[in-house]
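Below is one structure, written out as C-alpha cells; comments come after it.
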Amino acid sequence: MAAKIFKNLPGGLKMPAIGLGTGPLTDEAEIERVLNTAFELGYRHFDTAYLYRNEALIGRVLKKWFSSGKVKREDIFITTKLPMSGVHQDRVELFMKKSLENLQLEYVDLYLVHHPIGLKYFGDDDNRMEIDDFDHIKIWKKMEEQVQLGRTKAIGLSNFNKRQIERIIASARIKPACLQVELHVDFQQRDLVGYCHKNGIVVIAYFPLGTPGSKRFEIREFPPVINSDIIKNIAKKYNKSAAQIMLRYLLQKNVAAVPKSSNPERLKENISVFDFEINSEDMRSLDDLDRGETARLATFQSVPGIENHPEYPF
Ligand SMILES: NC(=O)c1ccc[n+]([C@@H]2O[C@H](COP(=O)([O-])OP(=O)(O)OC[C@H]3O[C@@H](n4cnc5c(N)ncnc54)[C@H](OP(=O)(O)O)[C@@H]3O)[C@@H](O)[C@H]2O)c1
C-alpha cells in the first residue's frame, strides 16, 4: 500500500499524510539527528512554527540536505505558522519573512495562522502576553498576499473553530487549504472535521498520539489514550503498536497527522502505517473512544484574559 498523500491542495502541491512534528525540539544536535533519521525513514513533510523557536535550526539541516544534493526543495513539504504576536494585519508579512529567513527558504509549502487570537508584539525576547486587536478578514487578506508574492504555496489555519473558518471562507479569494487542530482518538472533533471535508479543507491532526508523556499535561482528566486496553487489543490483533493504530485510525478518517518522536524506533513506527487497514468493526470500537470536549488538552489558558475574549473558546 503506497503512502497516503493529499493531492487536493492548491498549485499541484502534494502533502504526505504523515509529517514530523518538531514542536518541542530546540536542541541543535537533537534536531539534526531526528531530522536526518526521519529523512532516511522516508519522512518528507516537516511541521514547525515561529513559536517553536527551532526554525533556524531546521533551516540549517535543510540547507545541508539541499547543498549535498540529498533532496531537492520541491521534494519536501515544509509547514510553518504565524505566531499570536503576528496575528495582526500589519505584522503578517514581517513574520512570514522572519520564518523564511530562519528556514533559509524562498518559500514554504504551507503557512498557517497558528491561533485565532492576536497578541501585541513587544519583540522576540519579550514574553509579555497582552491580547491585541485583530481582524481575521484583514489578516487573511495578508495571508493571501503571501501566496501571490510566492512566499508560500498554500495557506491555512490552526486552532480555528467552525464559526471562524466560515467567516474567512465567506470573503476569501483563496480558501484555507488546511486546518491543523488537536485531534486524537479520544478527541475526534467530528463536526469540525466533517465541515472541513465538505469544504475541501485538509485536516491535519496535532497531538495525534494524545501527546503522552508531555510535561505540560501532567494533570489530565484521563490517562493518555495510547494506554487504553481497547487500543492495545486492536494493536495486538494487527501486530502493530498502539501508536500505529491511533495514526492509522486518523488516516482512514482522511485526516493527516504530525506525530513527534525523537526516538528512531518510534519514528519508524509512526511512518509505517500504510501496509494495513483497520476493519470497520474495529474502526467503530475506536469511534466509541471519543470523549468529546472533556479530552481536549490544548486550552491556551496561559494567555491572560483569554477566557473572556469573544473569539474564545476555539
Ligand atoms: N498547531 C498547533 O497549535 C500545535 C500544537 C501542538 C503541537 N503541534 C504539532 O504537533 C506535533 C505533535 O505534538 P506532540 O509532540 O505534543 O504530540 P504527539 O505527537 O501526540 O506525541 C508525542 C509524544 O509521544 C511520544 N511518542 C512518539 N511516537 C510514539 C510511539 N510510536 N509510541 C509511543 N510514544 C510515542 C513522543 O515521545 P518520544 O519523542 O520519546 O518518542 C512524545 O512524547 C508537534 O511536534 C507540533 O509540530 C501543533
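Scope of the values below: all heavy atoms of this structure, side chains included, with no hydrogens, waters or symmetry mates.
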(request) Output the distance between atom OH (Y238) and atom CG (N233), rounded to the nearest 0.5 Å. (result) 12.0 Å

(message) Main chain of N161, side chain of Q164: is a donor-acceptor contact present, judged purely on distance under 3.5 Å?
(response) yes

(request) Compute both the distance and the angle, then confirm whether R248 meets the cation-pi test with F276: under 6.0 Å from the six-membered ring centre, within 45 degrees of the axis. (result) yes

(message) If I compare all heavy atoms of F95 with all of G86, which pair ends up nearest, and what's the gap?
(response) CD1-CA, 3.5 Å

(request) Please indicate whether K237 has more than 12 foreign heavy atoms, meaning atoms of other residues, nucleotides or ligands, lying under 6.0 Å from its NZ. (result) yes

(message) Could you check whether atom CG of D288 has more than 12 heavy atoms from other residues, nucleotides or ligands sitting under 6.0 Å from it?
(response) yes

(request) Please confirm whether F187 and F207 have ring centers closer than 6.0 angstrom. (result) no

(request) Could you grab the distance from atom CG of L157 to atom CD1 of I165, nearest 0.5 Å is fine? (result) 6.0 Å

(request) Compute both the distance and the angle, then confirm whether R167 meets the cation-pi test with F160: under 6.0 Å from the six-membered ring centre, within 45 degrees of the axis. (result) no

(request) Hey, could you give me the CD/CD1 distance between E311 and I306, rounded to the nearest 0.5 Å? (result) 10.5 Å

(request) Give the minimum heavy-atom separation between W140 and I155, together with the two atoms involved. (result) CZ2-CD1, 3.4 Å

(request) Taking the six-membered ring for Trp and the single ring otherwise, decide whether the centroids of Y50 and Y52 are under 6.0 Å apart. (result) no

(message) Tell me if the NZ atom of K142 is crowded by more than 12 foreign heavy atoms within 6.0 Å.
(response) no

(request) Might you confirm whether atom NZ of K138 has over 12 heavy atoms from other residues, nucleotides or ligands at distances under 6.0 Å? (result) no

(request) Using distance alone, with no hydrogens and no angle criterion, decide if T48 and E55 have a side-chain donor and acceptor under 3.5 Å apart. (result) no

(message) Check whether S158 reaches the backbone of H115 with its side chain - one donor and one acceptor, N or O, closer than 3.5 Å.
(response) no

(message) Given 3.5 Å as the limit, does a donor-acceptor pair link the side chain of W65 with the main chain of N36, or not?
(response) no

(message) Other residues, nucleotides and ligands only: do more than 12 of their heavy atoms fall within 6.0 Å of CD1 on I230?
(response) no

(message) Checking the side chain of R128 only, and the main-chain atoms of F122 only, is there a donor and an acceptor separated by less than 3.5 Å?
(response) no

(message) Using modelled atom types and a 3.5 Å cut-off, is there a donor and acceptor pairing between side-chain atoms of H88 and backbone atoms of G118?
(response) no

(request) Could you tell me whether F134 and H309 have their ring centroids closer than 6.0 angstrom? (result) yes

(message) A cation-pi test, strictly: NZ or CZ of K4 under 6.0 Å from the centre of the six-membered ring of F6 and no more than 45 degrees from its axis. Yes or no?
(response) yes

